[in-house]
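Every heavy atom of this structure was used, including side-chain atoms; hydrogens, water molecules and symmetry mates were not.
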Amino acid sequence: QVQLVESGGGLVQPGGSLRLSCAASGRTFSSYRMGWFRQAPGKEREFVAAISRSGDNTYYKDSVKGRFTISRDNVKNTVYLQMNSLKPEDTAVYYCAANSPLRSTIVASAYDYWGQGTQVTVSS
């Protein structure tokens, strides 16, 4: 089992940057694909980015490509989401999640473990 704790959210102006972190407990972190999802008020939870177990492969929602970067440190059991050039439409609660690499990368229900979420607000 994996427990996930996000941090790094906050209020930022449009065009600004934030780095989210997700610390995982357990000794099997490197066996999971890790993903970031977000949920805005009144909307469904949506895929943002994912990274393979080794970190060699990454996947992004089209609207964040070139602005967001997902990375992981399998020694520190942590996954990161560097968010640059933030826009008001990026405002949401951001969640990290873990799943088996045999399951879907972008479908939220395919992820087995979730953090509690961290709020990101982009506003002037």
* Asked: Hey, is the main chain of G9 close enough, under 3.5 Å, to the side chain of T118 for a donor-acceptor pair?
  -> yes
* Asked: Above 12 or not: heavy atoms from other molecules or residues under 6.0 Å from CD of E89?
  -> yes
* Asked: Heavy atoms, side chains only, cut-off 4.5 Å: are Y60 and I70 in contact?
  -> yes
* To do: Answer with yes or no whether the hydrophobic clustering places L4 together with W114; edges join I, L, V, M, F, W, Y residues whose side-chain heavy atoms lie under 4.5 Å apart.
  => no
* For the residue pair R103 and D112, establish whether any side-chain heavy-atom pair is separated by less than 4.5 Å. => yes
* To do: Quick one: closest heavy-atom pair of A40 and A92, and the distance?
  => N-CB, 3.8 Å
* **SG-CD distance between C96 and Q116, expressed to the nearest 0.5 angstrom** => 8.0 Å
* Asked: Are P101 and R33 side-chain neighbours, meaning at least one heavy-atom pair lies under 4.5 Å?
  -> yes
* Output yes when a side-chain donor or acceptor of S104 lies under 3.5 Å from a complementary backbone atom of V107, and no otherwise. => yes
* Asked: Which heavy atom of P14 sits nearest a heavy atom of S123, and at what distance?
  -> CD-C, 3.6 Å
* To do: Might you work through the side-chain contact (heavy atoms from CB on, under 4.5 Å) test for F68 and L81, ending with a clear yes or no?
  => CA-CA 7 Å; F68 291 10; L81 186 68; 4.2 Å; yes
* F29 six-ring face occupied by R72 cation (under 6.0 Å, within 45°) -> yes
* To do: Kindly indicate whether the side chain of Y32, heavy atoms from C-beta on, has any atom under 4.5 Å from the side chain of V2.
  => yes
* Derivation of the ring pair (Phe, Tyr, Trp, His ring centres under 6.0 Å) call for F37 and Y95 -> CA-CA 5 Å; F37 289 75; Y95 299 88; 8.8 Å; no
* Structure fact -> In this structure, CZ of R19 is separated from OG of S71 (nearest 0.5 Å) by 7.0 Å
* Could you state the interatomic distance from CG (L11) to CD (Q119), rounded to the nearest 0.5 Å? -> 9.5 Å
* **Contact check, side chains of R38 and T91, non-hydrogen atoms, under 4.5 Å** => no
* **V48 side chain reached by V64 side chain, heavy atoms, under 4.5 Å** => yes
* Any E46 side-chain heavy atom under 4.5 Å of Q39 side chain -> no
* ring pair (Phe, Tyr, Trp, His ring centres under 6.0 Å) with Y80: which residues, sequence neighbours excluded? -> none
* What distance do M34 atom CE and T58 atom OG1 have between them, rounded to the nearest 0.5 Å? -> 14.5 Å
* **Shared hydrophobic cluster for M83 and Y59 (ILVMFWY, side-chain gaps under 4.5 Å)** => no
* Start with the C-alpha distance between T78 and D73, add both sets of side-chain angles, then the distance that settles side-chain hydrogen bond (donor to acceptor under 3.5 Å, both in side chains), and finish with yes or no. => CA-CA 5 Å; T78 303; D73 185 331; over 6 Å; no
* Give the intermediate values and the outcome of side-chain contact (heavy atoms from CB on, under 4.5 Å) for residues W36 and I51. => CA-CA 9 Å; W36 285 96; I51 188 166; over 6 Å; no
* **Point-to-point distance, once rounded to the nearest 0.5 Å, from CG of L18 to CG of L86** => 5.5 Å
* Does the side-chain contact (heavy atoms from CB on, under 4.5 Å) test come out yes or no for L20 and E6, once each step is laid out? -> CA-CA 7 Å; L20 305 182; E6 302 98 333; over 6 Å; no
* **Shortest non-hydrogen contact from F47 toward K61** => O-CD, 3.4 Å
* Please step through salt bridge (Lys or Arg N to Asp or Glu O under 4.0 Å) for the pair D90 and K87, ending with a clear verdict. => CA-CA 5 Å; D90 295 317; K87 304 176 181 180; over 6 Å; no
* To do: Rounded to the nearest 0.5 Å, what's the gap from OG1 on T105 to CG on N99? Could you check?
  => 7.0 Å
* Asked: Tell me, do S30 and R53 make a side-chain contact under 4.5 Å, heavy atoms counted?
  -> no
